[in-house]
Asks: 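First the structure, then my questions, so here it is.
In what follows, chains are A, B, ... by sequence order, proteins preceding strands, each numbered from 1. For clarity, every value in this text was computed on a predicted model and none was experimentally measured.
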Amino acid sequence: MKPGVGEFRSRQQPITHIAPTRPGMSWLAWLFLMVLRRISKLKMARGLEFIHFAQWQRVRTKKLPRLSPDQPAENFSHDFFMFTTNYNGDWDQYIDTFARVAHIRRGMWWLWRFSQGFPGPIPLRNFKQFIHYQTYSEALYYSAYPAATVRNIAAALEVKRELEAFSAVRPGEETPAAFKKRYLGMVTAIAPNLGSAPGPAPYVIATSQPGGLPAMVTYTRNGKRKRKLALGPLLGRLATGGGGEQTLIAAMSPIEVKPAHAVTKEIASRIAAVNASTSPSPFAMCPMLHMARLLIIDDLRPKLGSRPSASLRTNYLLFVAAIDGRLEDFLDCLYTADPDFAQGVWGRCLGYPEGRDGPVYLRRYIARSLLPVQLPFVGFPGHSALDIRRALRVHSNMLDWMGDVHRTDMSDAELMAAWQGQLAVLLAGDEATR
Amino acid sequence: MKPATSEPFSLARRNPPGLRQNLSRFAFAVVLPALMRLLCRLSPVCRIPGTNLVIITGFDSTQEVYSRHVDFEVPYEERVKILRWQGFVLALQDTPEYHDMYDNISRLWQPADTTRVQEIARRTAETILAETWEELDFIQDLVKPVLMAIVEQHYGVTVPDEQLQPFFDGNLAGSGFLFSGPWITKKQRETGAAAIDGVWPVLDAAMAAACANPDPTTVLGRYYSGGPDPAFSEAKLRSALMTMIGGYLPTCANASGRIMDVLLSRKDAMQFMQEAVHAKQDDSVLTGLMEALRVNYIIPFLWRRAAQDTYLGEGTTRRRTVRKGKILAVSLPTAMYDRRRIEHPKRFDPGRSPAVRMVYGHQFHHCIGASIANTVLVEMFKAVLTRQPAPARKAKNRKNRWVGAYPWNLWLALSKASAAP
């Protein structure tokens with residue numbers, strides 16, 4: 001059982017793995033990740049069909065964010081290699097896949113060969129011990145679609161696409177017989193995907209964006225409608241990485257210089273309160289967010305079985321997120337959704353302008369805390385969080401239709417009338433229509 | 001030509017059409033925005049050497065200035081005195097007086113009032129449009145009557161016909177005078193005083209009438225029918241009433257014209273708005289209006305004064321010192337075009353994050369009347385957009401005209417009946 005994830009009511013599990021790099025191998029690790037980013041689309045990860053997001057990055061200990069003159073520099077003799085992901089299913093199965101599938105095993109071997117203490121994927125027991133030991137517990141994990149697995153999402157997107165194509169024909173343009181022929185074709189096409197349905201939602205997620213509508217339709221200058229999947233291009237900095245139109249970020253903010261621990265405890269309890277609360281988390285108010293996690297890092301572990309050569313002089317708050325569009329838009333939305341949360345978490349960190357409140361300070365602070373992401377992986381590039389949630393809703397509506405309305409003894413005209421009567425409900429992807 | 005003092009105040013007469021007006025319009029609509037955007041790229045916090053002026057054009061810097069209202073105070077005291085307008089919330093610092101006045105206005109304005117204002121705006125706009133066949137002066141024939149209907153029917157301020165123009169113009173000129181900059185010329189002082197002379201008597205007469213015969217459906221009537229309140233004196237009511245009307249009339253009139261200007265000049269914007277109206281999505285209509293206002297904002301600068309020696313750029317590695325007493329010219333329209341924060345700023349994109357639209361200000365001095373302005377704008381535009389507005393075909397005889405910063409005549413050609421887009 002992976003430690004520290006059981007408390008999240010989600011079918012997705014996060015892993016945050018931070019291992020020390022081998023002496024002299026840090027830049028090789030960086031180079032390898034950068035080359036891989038250029039030459040590979042990480043098809044092997046996509047082929048596994050259980051990884052939503054993943055990012056690999058080299059963390060330079062000398063370049064850890066120092067945002068206050070009071071904060072001492074860290075004195076590690078090596079850097080760290082950070083791997084963060086979220087996946088469906090059981091932790092053991094997940095790690096087993098790394099070791100047992102030949103091409104994945106080769107990939108894992110290459111990715112971790114620059115890390116100290118990496119025993120190789122085989123023998124499996126040592127490999128699991130390596131992963132387990134260097135994995136850090138999340139204080140908070142949020143997913144925009146906690147009940148859905150990767151396969152559920154792929155199926156839902158496919159069903160939605162088929163349904164939209166099918167319903168593009170206007171009523172009155174075809175006879176009932178022609179309609180039924182097309183209908184049966186559509187049902188046959190989506191049937192394999194209908195079986196892949198999410199489990200019961202662990203909790204309700206709000207979709208509204210404070211202060212505005214989550215409009216995803218934009219208009220070009222010549223007046224043609226176009227579907228807008230993301231609010232903007234990827235941030236053009238090395239500090240973030242992205243695949244498709246999503247942006248993956250990792251920000252490490254210094255909390256306080258050790259041995260002081262009071263502020264760290266306060267932040268931890270603030271995060272825990274959000275985790276335990278039955279009301280929607282502030283992250284749930286940000287429609288552009290796919291997933292987010294917060295970790296409090298009070299030390300970085302050395303190679304398994306060895307004594308630490310150094311320890312962190314400062315406690316850090318690690319924030320990892322996958323968002324659509326611009327980081328600034330997300331931070332503004334988060335701040336608007338719950339200013340107290342933003343102030344109570346990042347506002348207490350070292351270097352945050354004292355006594356200042358406003359989204360501008362959060363944006364500036366996170367921008368200074370960003371760690372470069374060298375290799376990002378996105379399970380559904382080009383699909384926004386809202387799109388995915390709508391597709392899951394349409395998938396569920398279609399299941400209801402098949403179970404409650406559709407009958408084989410319906411005449412062509414009855415079927416057509418029933419379909420047209422239910423079409424608006426079927427294609428309603430807004431959670432408000434539940 | 002200097003108007004005779006006996007004549008009622010008229011903004012249009014003081015700003016006659018001609019070369020001077022055209023040059024002024026060109027300078028404010030074209031040259032100044034271009035210069036400010038260039039400055040935003042080069043130096044978002046720019047201290048002008050040899051002057052007391054710091055020009056703020058960056059999005060982040062603007063938000064920083066607004067969020068630090070104690071360090072950067074509002075410098076409108078002298079102008080408020082000239083207008084005899086004590087207790088104007090936007091001109092008050094973060095003092096007990098400010099919070100007292102804010103609470104008073106909040107007491108006068110009740111949540112259910114939005115529905116009432118919405119009804120008045122809709123009824124008035126629809127009546128006007130039902131009587132209009134082909135062409136309409138959007139500002140004078142629709143915006144002005146709708147705004148004045150709310151002043152009369154909701155606030156309870158009846159404006160006699162002969163005082164209507166001086167009252168409306170006086171509000172616009174008073175607002176223009178208030179926000180026009182840190183330095184006051186003699187002519188500005190005279191204009192401000194003359195403008196406000198057309199406003200206060202109307203408000204005083206309305207208060208006297210409401211006191212004698214309070215109508216509980218109006219704001220004034222509500223105050224007087226509640227009996228005397230020592231914590232909320234008549235003097236405070238006078239100031240609060242002026243704040244509500246003087247804050248709402250000019251900004252809504254200005255905003256309406258600018259929004260329509262954007263819709264007429266951008267096909268995509270007009271299409272979005274018409275589809276939103278057709279789909280009866282008021283939220284989308286409002287988003288479109290706010291986006292149009294971001295594209296064409298109502299005022300070139302808002303002003304602040306450094307209350308102490310400080311710096312801008314908190315939370316960054318680049319700090320810009322600002323000495324005590326420096327005047328900060330905050331260019332909100334330029335900030336909302338800052339490419340560092342806003343992607344494709346010239347594009348009309350209602351899907352962009354609402355956080356980039358600071359049309360009602362930001363944080364402490366965020367507009368107190370935002371909800372009424374939103375309601376009125378949505379109702380007016382919903383009504384007019386059902387009639388497929390387009391630039392007037394008879395425009396050679398009916399020229400669009402701007403008076404100072406205000407759109408004054410904006411002729412529209414309308415379809416004969418409401419139709420789906």
Asks: Passes side-chain contact (heavy atoms from CB on, under 4.5 Å), A:Glu328 versus B:Arg340? Steps please.
Replies: CA-CA 10 Å; A:Glu328 294 93 333; B:Arg340 296 176 194 87; over 6 Å; no

Asks: In residues 302-318 of chain B, which residues are in contact with chain A at a heavy-atom separation under 4.5 Å?
Replies: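 Within residues 302-318 of chain B, the residues under 4.5 Å from chain A are B:Gly313, B:Glu314, B:Gly315, B:Thr316, B:Thr317.
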
Asks: Output the distance between atom CZ (A:Arg364) and atom CG (B:Asp60), rounded to the nearest 0.5 Å.
Replies: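 Here the rounded value is 5.0 Å.
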
Asks: May I have all residue pairs that pass side chain to side chain donor-acceptor pair (under 3.5 Å) and include part of residues 289-298 of chain B, sequence neighbours excluded?
Replies: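 Found B:Arg258-B:Asn296, B:Glu291-B:Arg294, B:Glu291-B:Arg352, B:Glu291-B:Arg357.
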
Asks: Less than 4.5 Å apart, side chain to side chain, heavy atoms only: is that true for A:Tyr361 and B:Ser67?
Replies: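 Side-chain contact under 4.5 Å: yes.
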
Asks: Check whether any side-chain heavy atom of B:Gln363 lies under 4.5 Å from a side-chain heavy atom of A:Pro359, and answer yes or no.
Replies: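 Contact flag for B:Gln363/A:Pro359 side chains = yes.
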
Asks: By a 4.5 Å heavy-atom criterion (distance strictly below it), what part of B:Glu64 contacts chain A: side chain, backbone, both, or neither?
Replies: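 Contact with chain A: backbone and side chain both.
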
Asks: Before accepting this row, confirm whether a basic side-chain N of the pair A:Asp329/B:Arg341 lies closer than 4.0 Å to the acidic partner's carboxylate O.
Replies: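 Between B:Arg341 and A:Asp329 there is a salt bridge, with a charged N closer than 4.0 Å to a carboxylate O.
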
